[in-house]
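Here is the structure we will look at.
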Amino acid sequence: MKMELRFNNTDIQTIEDGSMTVCGYVNKTETKSNMLGRNQKFKEVIKRGAWQRAIDNAKEIHFLAEHDNSKILASTRNDSLELREDDQGLYMTATISPTSYGKDYYQLIKDGILQNMSFGFRAVKDAWRNMGTHFERTVNELELFEVSVVRDPAYSNSTISARGIDVVEDIEIPNIQEVKEVKDMNKKALIEKKNDLLRKLEDIAETIEVEARGLTNDEETKTTKLKSDIEKLTKKIGGKEEINMIEVLGASDTIVEKRGFEAFIKGHYNSEEYRAITTSASPGQLIVPTTISDMIVQKIQEEAPLFAMANVIQTTGNIEILRETALGDAYWTAEMEALTTSDFAMEKIQLQQKRLASGIQFSQQLVNDSAFDVVSYAVSLLGRRLGLALEKAILVGTGGTTQMKGVLNEVLPSTSVVETTAVGAIGTDDILGAYTSMKVVFVKGSVFVMNRKTFAQISKLKNANNDYYLVDFKEAVGYTMLGLPILISDSMPDIAHGAKPIVLMNPQLAYTVAIKKGIEMKHIANDSTQALQGGQLLVSDIYVDGVVHNADALRILTVKSA
């Protein structure tokens, strides 16, 4: 795996608190690097959000001296290295271990001899543009391996270095000319091209079908002729080049839809980009195109893990599902004897479309700022708000005509509710009781849900040897209890008499969410309130409903009252 190195020359500073602590920016997001590359020159920009995703996904990241793996100064492994992305970029705070070389490098930083930063990374998702005299690379996602204190920066806005800029000069810049030509095509041309290719593929299938009907039953003759026909007709559509073009066109659709959505946010209703993604919606209204809608749903799932794990049904209207109220028994019977089914019962539950909405207010200056990625900002903020609202509704929604019904407000059978032994408190036996009362088939895929205060109390439960043992931490999973993940939600109540502070549930098997396809948006820029404030309002809504469909995959731990 090839690692790229980048250098930056912003000042790294020491913190005079008695510890060998240094801090500074490793990289400023949305800022172009110095010119990179030896043969083909390029500048590079790290997009906002890429650093935080890299930090969240990394197992461990080291702070090194001169990118030398034998000279580790600090590490996220023991929290001596802290990395975070703020509104400016990737910020580092490191408490250097007091090794001999650690003391030397701290002194060099303190004396101002070493002032620059560097980082080693691998680009996961990037995009290139031909600027004529050079290329521009935009890194949307990356894998961060380490940060280093160095001497020779490649970005003009950062703080530490590496073994030499030659490491990054051999990057192969892709041939983007054909892709650029396709991207510049308008939506109509893209659709016509795709339809033309699909018609050719349909002709192939029809021709083979017609010719196959006229063949004899001789299997060898049939196979030989069909193979020959397929080879001829494949050449007819241009083989791999045409097939690759379909993939390029699909990627280009994403770009067209993003540009059209940006035009919508900016109120450019007469622009070609906006018209390309609009059907019958009136100006100022839009059914969000698939690409943007998928991005918002992905963000919702990141913010609402219960929603992401639930049984999600996409529908165009109301839908009915069945819920078991009594399973019944099996019977041995004589042939033709009637079965007894009176103890088996199902009930219909209608999931209706209930509106969930969120609004974003932009200043006119922000909308007009060409350097600001208004689409990514809108997608991120809307997805986060809608996700948090969905997560809360799944847990504590009150139901009725206006919102989903959450698990804590559902009328559940007595087997799904486990009461604590002690009054006003939760013990280990209570948690074990909820866990062991659930059928094994439902345990796999289940999660514990509680708020942070409850988690703090539960994590301190001890065994007979006075050891903490109930809560564990597993890499790539996070905190677990009895081997199951723990989800922390502020929507859950605290431990109190009669409260329901812990939920054990298998979201996929316990809860169904029906979501209407299509996120709709309205752009409000011309009303008096927005005009006086010098801003614009973007209102988004989706239609969803949810309900517990299988109480056996759900356990509610209730705190006993006096």
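Between atom CE of residue Met92 and atom SG of residue Cys23 there is a gap of 7.0 Å, rounded to the nearest 0.5 Å. Note that CZ of Phe135 and CG of Leu36 are 13.5 Å apart. Values are rounded to the nearest 0.5 Å. Residue Asp126 holds its CG atom at 10.5 Å from CD of Glu141, rounded to the nearest 0.5 Å. Atom CG of Leu356 and atom CG of Asp541 lie 8.5 Å apart (nearest 0.5 Å). Between the CG atom of Leu382 and the CD1 atom of Ile292 there is a distance of 11.0 Å, given to the nearest 0.5 Å. Once rounded to the nearest 0.5 Å, the distance linking CE of Met20 with CD1 of Ile96 reads 6.0 Å.
For Ser33 (side chain) and Glu44 (main-chain N/O), a donor-acceptor pair under 3.5 Å exists by modelled atom type. The main-chain N or O of Ser376 is never found under 3.5 Å from a side-chain atom of Ser380 such that the two would form a donor-acceptor pair. Between the side chain of Ser358 and the backbone N or O of Ser540, no donor-acceptor pair lies under 3.5 Å. With Asp545 contributing its side chain and Lys354 its backbone, the two residues share no donor-acceptor pair below 3.5 Å. For Glu391 (side chain) and Leu306 (main-chain N/O), a donor-acceptor pair under 3.5 Å exists by modelled atom type. At least one donor-acceptor pair under 3.5 Å links the side chain of Asn506 to the backbone N or O of Lys444. Put simply, the side chain of His523 gets close to the backbone of Ile265: a donor and an acceptor are under 3.5 Å apart. Looking only at distances, no side-chain donor or acceptor of Thr29 sits under 3.5 Å from a matching main-chain atom of Ile46.
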- Task: Dump the intermediate steps for side-chain contact (heavy atoms from CB on, under 4.5 Å) on Phe455 and Val471, then the final yes or no.
- Result: CA-CA 9 Å; Phe455 170 74; Val471 173; 3.8 Å; yes

- Could you go step by step and tell me if His134 and Phe42 meet the side-chain contact (heavy atoms from CB on, under 4.5 Å) rule? CA-CA 5 Å; His134 66 279; Phe42 69 96; 5.8 Å; no

- Query: Could you walk me through whether Val45 and Glu136 pass the side-chain contact (heavy atoms from CB on, under 4.5 Å) check?
  - Reply: CA-CA 8 Å; Val45 174; Glu136 280 192 7; 5.7 Å; no

- Item | Chi angles and distances behind the side-chain contact (heavy atoms from CB on, under 4.5 Å) call for Ile296, Met521 | CA-CA 12 Å; Ile296 296 175; Met521 288 195 180; 3.8 Å; yes

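Heavy-atom minimum distance, Tyr101 versus Ser70: OH-O, 3.7 Å. Of all heavy-atom pairs between Val513 and Phe307, the closest is CG1-CE1, 3.8 Å. Nearest heavy atom pair, residue Tyr25 against residue Gln88, reads OH-NE2, 3.3 Å. Between Ala123 and Val139, the closest heavy-atom pair is CB-CG1, 4.5 Å. Scanning both residues, Leu144 and Gly120, for their nearest heavy atoms gives CD1-O, 3.6 Å. Heavy atoms only, all atoms of each residue included: Gly387 and Glu303 are closest at CA-CB, 4.2 Å.
Put simply, the side chain of Asp56 does not reach to within 4.5 Å of the side chain of Arg53, judged on heavy atoms. With contacts defined as side-chain heavy-atom distances shorter than 4.5 Å, the pair Met35/Lys43 qualifies. Taking 4.5 Å as the limit, every side-chain heavy atom of Phe63 sits out of range of all side-chain heavy atoms of Leu83. Side-chain atoms of Met404 and Ile394, non-hydrogen and from C-beta on, do get closer than 4.5 Å to each other. Considering only heavy atoms from C-beta on, Leu386 stays 4.5 Å or farther from Lys299 through its side chain. Using a 4.5 Å heavy-atom threshold, the side chains of Met309 and Gln508 count as separate. Proximity of Val22 to Leu73: side-chain heavy atoms (C-beta onward) are nowhere separated by under 4.5 Å. Considering only heavy atoms from C-beta on, Arg385 comes within 4.5 Å of Ile360 through its side chain.
Legend: residues meeting side chain to side chain donor-acceptor pair (under 3.5 Å) with Thr95, ordered by chain and number and at least two apart, are Thr21. Residues that satisfy the side-chain contact (heavy atoms from CB on, under 4.5 Å) test with Ser97, not counting sequence neighbours, are Thr99.
By the 30° and 60° cut-offs, the orientation of the rings of Phe121 relative to Phe119 is tilted.
A salt bridge does not link Lys71 to Glu66: none of the charged nitrogens lies less than 4.0 Å from a carboxylate oxygen. Glu30 and Lys47 are joined by a salt bridge, as a carboxylate oxygen and a charged side-chain nitrogen come within less than 4.0 angstrom of each other.
Residue Tyr91 qualifies as enclosed at atom OH: its count of foreign heavy atoms under 6.0 Å is above 12.
The stretch residues 73-92 participates, sequence neighbours left out, in these salt bridge (Lys or Arg N to Asp or Glu O under 4.0 Å) pairs: Glu60-Arg77.
Checked by atom type, the side-chain pair Asp472/Thr480 shows no donor-acceptor distance below 3.5 Å.
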